[in-house]
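Just so it is clear, the values below take in all heavy atoms, side chains as well, and ignore hydrogens, waters and symmetry mates. Small disclaimer: the values here were computed from a predicted structure and weren't measured.
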There are 2 protein chains.
Amino acid sequence: MRKPATIQDIARAAGVSTATVSRALSHPERVAEATRSLVLDAVRRSGYRVNRTARNLRRRRSGSILALVPNLANPFFSEILSGLSSVLAESGHGLLVGDTHIGPHPAARLNDYLAAGMADGVVIFDSRLPDGMVFEGARPPMVLACEWSRPNLPSVRVDNEGGAALAIRHLLRRGHRAIGHLTGPSGNVLTESRLAGTRQALSEAGLKLAPDHLFPGDFGLGSGASAAERWLALRDRPTAVFCASDEMACGFMGALRHAGIDVPGAVSVVGFDDIEVSAHLVPALTTIRQPRRLIGERAARLLLAMIEAGSSQAPAELLPVQLIERQSVAPPATTPLDG
Amino acid sequence: MRKPATIQDIARAAGVSTATVSRALSHPERVAEATRSLVLDAVRRSGYRVNRTARNLRRRRSGSILALVPNLANPFFSEILSGLSSVLAESGHGLLVGDTHIGPHPAARLNDYLAAGMADGVVIFDSRLPDGMVFEGARPPMVLACEWSRPNLPSVRVDNEGGAALAIRHLLRRGHRAIGHLTGPSGNVLTESRLAGTRQALSEAGLKLAPDHLFPGDFGLGSGASAAERWLALRDRPTAVFCASDEMACGFMGALRHAGIDVPGAVSVVGFDDIEVSAHLVPALTTIRQPRRLIGERAARLLLAMIEAGSSQAPAELLPVQLIERQSVAPPATTPLDG
DNA sequence: CTGTTAGCGCGTTCAA
DNA sequence: TTGAACGCGCTAACAG
């Protein structure tokens, strides 16, 4: 028994036709109970598994869905992928992951994948993608996750603007007036909406974001550290900085403390994401929590439903965020207190 | 032009047979130059892509390789996956990822994948897997990455024992005698070899690992924090602790500092992995660097070579590790110095 | 409820 | 060097 059993072998062993075997496996209810158990027995005895490739060719599906992330090395995505993976495992779909940072033309690579029929659906975590895409031929259902550049595409996202406002109001409540913002990469949708939320909450308090207090970043650790240098060089320093990602907040606080600056004594910091490490930093990072696993799960379910229905439309889902208070925020110009 | 072009369409457009089109695409050298360009032109004009599913069925391959990780949510794996993804992208293979924490029987799920012909090769990051596997029928090539439980299987790994010894000798050199070790989960291969390296280096100096100074962990942040509590409760505290992962080191230092203990003043810490955040912690973590991206790349190349050769054998590759000195280590029982 | 028939789209014989 | 024909393993029509 070197090579795997085929549906023919089962048909022979059970004394039925291959069609019946196929039905017994795919649509058990369409087959008489007696024959069904006959088939299932034969299957068990032989250790037969349906050949997904053949099934997929026949069904004109690929059996897997593709997740396109801007940077696989970024831990922010790992838990989302884990959520995706867990619901896809139930439905028997494979999870194909692609890193859009790799290779020359991310959008072209996406097209290749799709045109080659390699995915039944796509979850896109990179908002640059849908804009760069040439829509050649029919495409499988896609959902945008996290980043939301095209209002007409199905999406699972988080209230970024509201989250930013939550962060700012928290700082305001603690008495801060000079509040800075460390942004994501320019042009990014997330960057825009978190900035907008920041401005909005500030203006509600009659405040503005000083140009000096707007630090450009890219969501990565390194850019947080760079922002710290800029903060140090300022004559007129903000007493609090809201960072558009936890990684940046981490880099920011790290560099500050390495320079001997006390956080939150000299400057308060709020992050965004609530990645796992944030609770273990010193000081523990106050941040806006995104339900990352849930994002993955919802995106997967949305996509599966679309595939099922043969539709490329779906509602946009908006998931709530939450302020997590820890120790990186204190009133301005005082010695550190803990909450 | 609603549905994608097939090889038939190209054959018609180029005035040749489908066999010729197939050859022109898969084995260009076996076709006359004139006809080849005829075909390639038709391909370009129509935007034709070969249907991977059909090709795979015919070739009896699946076109993708599977990476099985113990916990997708663990950022340690993200960069490795990124390395895998980049070399697989070149060869046109898809990267399927599976989380072995999901679902009831990880080994059974692996078998399902393979028996269903869903992967041409597997990279396994979870050493529990090969042990639990029932080898039903022919299996595609597999390589063990990072964890190395079966000497006879191809593997890409790192010198864990040597790395641990590096860490311990560094601590020894700085004057520490009472050195503790925070381990990975029990039964894990990595846990064993890092512990062995620790013991080895200690014994070279005529020292032993006190039972009290052996802290059980699981590689995760939380277990680092728990170890800190145990450390605090000790009458006879080690002046340095070598942690088997950076995440644990991070949790350990965090909890210690939250409790008001100075690191490295009161206790020095060395980690293992050199994850990105380690350089940004306070104090910046001294650690043993693993070439994570390289691990992924090598594993991918090894696997591709095996698939190419139709072999399930390959050499075991051993990648070097490196001590990265930062600020979490100081001489024992003094006020903090920085190196 | 079940069997027969006919492909899914491609790669590979075997002749020409 | 090229084309005709077959089949990879499975499922969807259509009869019966």
Nearest to the A:Ala19 side chain among C:dT12, C:dG3, C:dT2, which nucleotide is it?
C:dG3

Out of D:dT11, C:dC10, C:dT4, which has the shortest distance to the side chain of A:Arg55?
D:dT11

Figure out the [atom1]/[atom2] separation between [X] and [N], and round it to whole Å.
| X | N | atom1 | atom2 | value |
| --- | --- | --- | --- | --- |
| B:Leu57 | D:dT11 | CG | C1' | 13 Å |
| B:Asn56 | D:dC10 | CG | P | 15 Å |
| B:Arg58 | D:dC8 | CZ | P | 8 Å |
| A:Arg30 | C:dT2 | CZ | P | 13 Å |
| A:Glu33 | C:dT2 | CD | P | 11 Å |
| A:Glu29 | C:dT2 | CD | P | 13 Å |
| B:Leu38 | D:dT1 | CG | P | 16 Å |
| B:Ile7 | D:dG3 | CD1 | C1' | 13 Å |

With a 3.5 Å cut-off and just heavy-atom distances, do the side chain of B:Arg60 and the base of D:dG7 make a donor-acceptor pair?
no

Any [X] side-chain nitrogen or oxygen under 4.0 Å from OP1 or OP2 of [N]:
| X | N | answer |
| --- | --- | --- |
| A:Thr35 | C:dT2 | yes |
| A:Ser22 | D:dC10 | no |
| B:His27 | C:dT12 | yes |
| B:Thr18 | C:dC10 | no |

Quiz question: by atom type and distance under 3.5 Å, do the side chains of B:Ser82 and B:Ser85 form a donor-acceptor pair?
no

Testing A:Val122, A:Val97, A:Asp126, A:Val123 one by one against A:Leu68 for a side-chain contact (heavy atoms from CB on, under 4.5 Å), which residue passes?
A:Val122

Identify whether any heavy atom of [X] sits under 4.0 Å from a base atom; if not, whether one sits that close to sugar-phosphate; answer base, sugar-phosphate or nothing.
| X | answer |
| --- | --- |
| B:Thr6 | sugar-phosphate |
| A:Val16 | sugar-phosphate |
| B:Ser26 | sugar-phosphate |

Which residue lies more 5' along DNA chain C, comparing B:Arg23 with B:Val50 via nearest heavy atoms
B:Val50

Looking only at atom types and distance, does a side-chain atom of A:Asn160 sit under 3.5 Å from a main-chain N or O of A:Leu190, one as donor and one as acceptor?
no

Show your working on side-chain contact (heavy atoms from CB on, under 4.5 Å) between A:Ile7 and A:Val50 and close with a plain yes or no.
CA-CA 7 Å; A:Ile7 204 173; A:Val50 333; over 6 Å; no

Both A:Arg52 and B:Val31 contact DNA chain D. Which one's nearest nucleotide lies toward the 5' end?
B:Val31

So A:Cys146 and A:Ile80, side-chain contact (heavy atoms from CB on, under 4.5 Å) or not? Walk me through it.
CA-CA 10 Å; A:Cys146 301; A:Ile80 297 182; 3.9 Å; yes

